Structure formats: C-alpha cells, structure tokens
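Since we're looking at a predicted model, the values are computed, not measured.
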Amino acid sequence: MFRRHYFLLLKTLVVLAGIRIVLTLRSYRPVLAWIGRVPPRQGPRIPLPLLAWAVERMAPLVPHASCLTQALTLRYLAAREGQACTIRIGVRQQQGKPFDAHAWVIADGTVMIGGQEERIEDFTPIVDL
C-alpha cells in the first residue's frame, strides 16, 4: 500500500511540515486563507478517506503535528481534490485537569480524522472552520 501511494504520502509530509512551521510562527488564519485560494487540480480525484489515511500515516514524522496541524493538512488536500470538509474545534474541562481543545475533520457527517485518539463526544464544539 505504501509503495502504491508514495507520492501522496510524500506530498502529505511536505504539507504537514509546512503547515506546522506556519502554525509555529503565526495563527491558523493565514493557513485557512491560503487553503481558500487553492484551485482544485484536474484529473481523477483522490478519495477523502485515502487523504485522511495519508495524513494519519505521516503525522508521526512531523514533530508537534497537533490535531489542528493534521486537520488543516487534510483540509488543504481535500480542497486540492475539489472536496469539501469542515474542521470542527471543541473544548473540554475535566475535573482537576487543565482546559483542553481538540480539532477534528468532518465530511458528510463522518469524522475523517481526529476522532480515533480522542473521545470527541467529550468536547463541546465551539467553532467550525
């Protein structure tokens, strides 16, 4: 499977690293603005679940690739493929623990990434991007 999708994985790694750098230096807003200007590519479309798989596989290779970094990466890749998805950000406060936030990606009512490692039902959604 890896060999078959080598270029997708490589592109995903580059996008993840780039978005991680921007998030280190600035906020998510410039990244969202950049994604909004991305024209869809021509040719056959890569399915959203395959894009999500690539992000999940490459994220461990990028230091501090947070849930927001991964969500923005999937949003970029989806936009490039002409597909819509929504980044949802939620918060939770657990007894005796600090305030916590989490980002996940939803498409057609299905969580594409961000729902496996966290119990997203414990988070109160505050914004959709």
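The CE atom of Met58 sits 4.5 Å away from the CG atom of Leu9 when rounded to the nearest 0.5 Å. To the nearest 0.5 Å, the span separating CG on Leu51 from NE2 on His5 amounts to 10.5 Å. Between Leu74 atom CG and Cys85 atom SG the span is 5.0 Å, to the nearest 0.5 Å. Taking CD1 of Ile89 as the start and CD1 of Ile87 as the end, the distance is 7.0 Å to the nearest 0.5 Å. Summarising the geometry, atom CZ belonging to Arg80 is positioned 12.5 Å from atom CD1 belonging to Ile35; distances are rounded to the nearest 0.5 Å.
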* **Stepwise side chain to side chain contact (heavy atoms under 4.5 Å, CB included) check, Gln94 with Asp100** => CA-CA 8 Å; Gln94 293 180 321; Asp100 197 13; 5.8 Å; no
Step-by-step side chain to side chain contact (heavy atoms under 4.5 Å, CB included) determination, Leu32 to Arg75 | CA-CA 9 Å; Leu32 277 179; Arg75 176 88 175 261; 3.9 Å; yes
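Screening residues 19-28 for salt bridge (Lys or Arg N to Asp or Glu O under 4.0 Å) gives no qualifying pairs among residues at least two apart or on separate chains. Sorted by first and then second residue, the side-chain hydrogen bond (donor to acceptor under 3.5 Å, both in side chains) pairs involving residues 31-44 (not counting sequence neighbours) are Arg41-Glu81. The stretch residues 79-99 participates, sequence neighbours left out, in no ring-ring contact (aromatic ring centres under 6.0 Å, His included) pair at all.
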Under 3.5 Å, side-chain donor or acceptor atoms of residues 104-113 against the rest of the protein: list the pairs with distances, not counting sequence neighbours.
none

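Here the options are Val15, Thr73, Leu72, the test is side chain to side chain contact (heavy atoms under 4.5 Å, CB included), and the partner is Val55; only Thr73 passes.
When the salt bridge (charged side-chain N to carboxylate O under 4.0 Å, His left out) test is applied to Arg88, the partners found at least two apart in sequence or on another chain are Asp128. Shown here are the ring pair (Phe, Tyr, Trp, His ring centres under 6.0 Å) partners of Tyr28, two or more places apart in sequence or in another chain: there are none.
Leu16 and Leu25 are members of different hydrophobic clusters when ILVMFWY side chains are connected at heavy-atom separations under 4.5 Å. Residues Val14 and Val31 do not share a hydrophobic cluster, defined by chaining ILVMFWY side chains whose heavy atoms lie under 4.5 Å apart. Linking ILVMFWY residues whenever their side-chain heavy atoms come closer than 4.5 Å, directly or via other members, leaves Ile21 and Leu61 in distinct clusters.
Taking the side chain as every heavy atom from C-beta outward, Thr69 and Val62 never approach each other to under 4.5 Å. Residues Leu77 and Lys11 meet the side-chain proximity criterion, which asks for heavy atoms closer than 4.5 Å.
Gly114 and His102 get closest at one heavy-atom pair: O-NE2, 2.5 Å. Here the shortest heavy-atom pairing between Ile120 and Gly115 reads CG2-CA, 3.9 Å. Nearest heavy-atom pair, Ala65 versus Ala59, reported as atom, atom and distance to 0.1 Å: CB-O, 3.6 Å.
Within the 3.5 Å criterion, the main-chain N or O of Ile46 finds a donor-acceptor partner in the side chain of Gln83. When atom types are taken as modelled, the side chain of Gln70 and the backbone of Glu56 share no donor-acceptor pair closer than 3.5 angstrom.
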